[in-house]
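The next block holds one structure in the form of structure tokens; read it before the comments.
The residues of the chain are indexed from 1 along the displayed sequence.
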Amino acid sequence: SPVPRAQLAADPRLPWLYDELHESQYVTFGPALRAFASEVGAPGGDDLVAWFLRAGEAINATFAYDTTATTVQTTIDESIRARAGVCQDFAHILTALCRYNGVPARYASGYVYSGEAGSVLGAEASHAWCEAYLGPHGWVGFDPTNCTLIDDRFARIAVGRDYRDVSPVRGVYKGASRSSMSVNVAMEALPLSQQQ
């Protein structure tokens with residue numbers, strides 16, 4: 001159901017969402033983001049939910065999923081100029097659009113079930129999406145990479161201001177310099193009897 005801007009502004013939790021309303025290391029309001037925000041359009045006062053979905057859909061329609069176009073260090077403005085990237089880039093852009101327009105948003109990281117056909121983008125590794133705080137609905141997640149609301153196909157591992165807060169692997173390795181690490185994550189749908 002719709003959430004008017006006035007309803008979000010009156011939400012008593014809003015003062016506690018400072019980090020989710022401002023720039024962070026990877027979520028910045030550069031010139032390319034501001035130009036893209038003009039393309040998407042401002043939320044208006046009537047329905048922040050519809051605007052959030054429209055912004056995510058605009059990213060999906062406008063950007064190409066390309067694993068060679070960006071790196072972990074690519075900025076939002078670089079991704080927007082290239083009109084390409086991966087789930088991390090798309091989640092950062094949607095998070096930035098929300099914050100730039102006064103809608104609290106956070107970066108979510110986890111995994112997504114690819115299903116039988118394996119047609120879900122980003123399912124081959126860790127995945128990222130955006131969650132916006134929409135007043136009475138709480139945190140609502142949208143995956144701009146696959147153009148879908150977050151549902152039980154997604155396994156959220158962490159949330160934060162941006163990728164830096166939730167990177168899946170961080171630390172120090174001590175050992176042979178020619179060693180490498182390999183990770184494999186598999187998700188499967190449980191039978192209905194086990195889902196209870």
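In terms of heavy atoms, Leu33 sits closest to Asp77 at N-OD1, 3.0 Å. Of all heavy-atom pairs spanning Ala128 and Tyr107, the tightest one is CB-OH, 3.2 Å. Of all non-hydrogen atoms in Gly160 and Arg106, the two that sit nearest each other are O-CB, 3.5 Å. Here the closest heavy-atom approach between residue Thr67 and residue Val86 is recorded as CA-CG1, 3.6 Å. Here the closest heavy-atom approach between residue Ser79 and residue Ile93 is recorded as CB-CD1, 4.0 Å. Closest non-hydrogen pair, Cys130 versus Ala105, comes out as SG-CB, 4.0 Å.
By the 4.0 Å N-to-carboxylate-O rule, Glu23 lies too far from Arg161 to be salt-bridged with it.
Atom-to-atom distance recorded for Leu53:CG and Leu149:CG is 5.5 Å, nearest 0.5 angstrom. Between Phe90 atom CZ and Asn146 atom CG the span is 10.0 Å, to the nearest 0.5 Å. Atom CG of Leu97 sits about 13.0 Å away from atom NE2 of His92, to the nearest 0.5 Å. In this structure, CD1 on Ile76 lies 12.0 Å from OG1 on Thr70, to the nearest 0.5 angstrom. To the nearest 0.5 angstrom, Gln88 atom CD is 9.0 Å from Ser109 atom OG. We find the CG-CH2 distance between Leu21 and Trp16 to be 14.5 Å, quoted to the nearest 0.5 Å.
Ring planes of Trp129 and His127: tilted class, angle from 30 to 60°.
Residues Trp139 and Leu134 are members of one and the same hydrophobic cluster, defined by side-chain heavy-atom contacts under 4.5 angstrom among Ile, Leu, Val, Met, Phe, Trp and Tyr. Under the 4.5 Å side-chain contact rule for hydrophobic residues, Val159 and Val103 do not share a cluster.
Proximity of a side-chain donor or acceptor of Arg156 to a complementary backbone N or O of Ala108 within less than 3.5 Å is not detected. At least one donor-acceptor pair closer than 3.5 Å links the side chain of His137 to the backbone N or O of Ser1. Formation of a donor-acceptor pair under 3.5 Å by the Asp143 side chain with backbone atoms of Thr148 is not found in this model. With Thr62 contributing its side chain and Ile59 its backbone, the two residues share no donor-acceptor pair below 3.5 Å. Side chain of Arg99 to main chain of His22: a donor-acceptor pair is present (N/O by atom type, distance under 3.5 Å, no hydrogens or angles).
A donor-acceptor contact closer than 3.5 angstrom links the side chains of Thr68 and Asp66. Counting only N and O atoms by type, the side chains of Asp11 and Tyr133 include a donor and acceptor under 3.5 Å apart. Checking Asp162 against Ser24 by side-chain atom types alone, a donor-acceptor pair falls below 3.5 Å.
Taking 4.5 Å as the limit, some side-chain heavy atom of Phe142 sits within range of a side-chain heavy atom of Pro144. Contact of the Thr145 side chain with the Tyr65 side chain is registered, since non-hydrogen atoms from C-beta on lie closer than 4.5 Å.
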Test side chain to side chain contact (heavy atoms under 4.5 Å, CB included) applied to Thr75 and Glu78, step by step | CA-CA 5 Å; Thr75 67; Glu78 291 167 340; 3.1 Å; yes

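Under a cutoff of 6.0 Å and an axis angle of 45°, Arg83 and Phe63 form a cation-pi pair.
Qualifying salt bridge (charged side-chain N to carboxylate O under 4.0 Å, His left out) partners for Arg81, counting only residues two or more places apart in sequence or in other chains: none.
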Under 3.5 Å, which donor-acceptor pairs do the side chains of residues 43-52 form with other protein atoms, sequence neighbours left out?
residue	atom	partner	partner atom	Å
Asp47	OD1	Val49	N	3.1
Asp47	OD1	Ala50	N	3.2
Trp51	NE1	Gly41	O	2.8

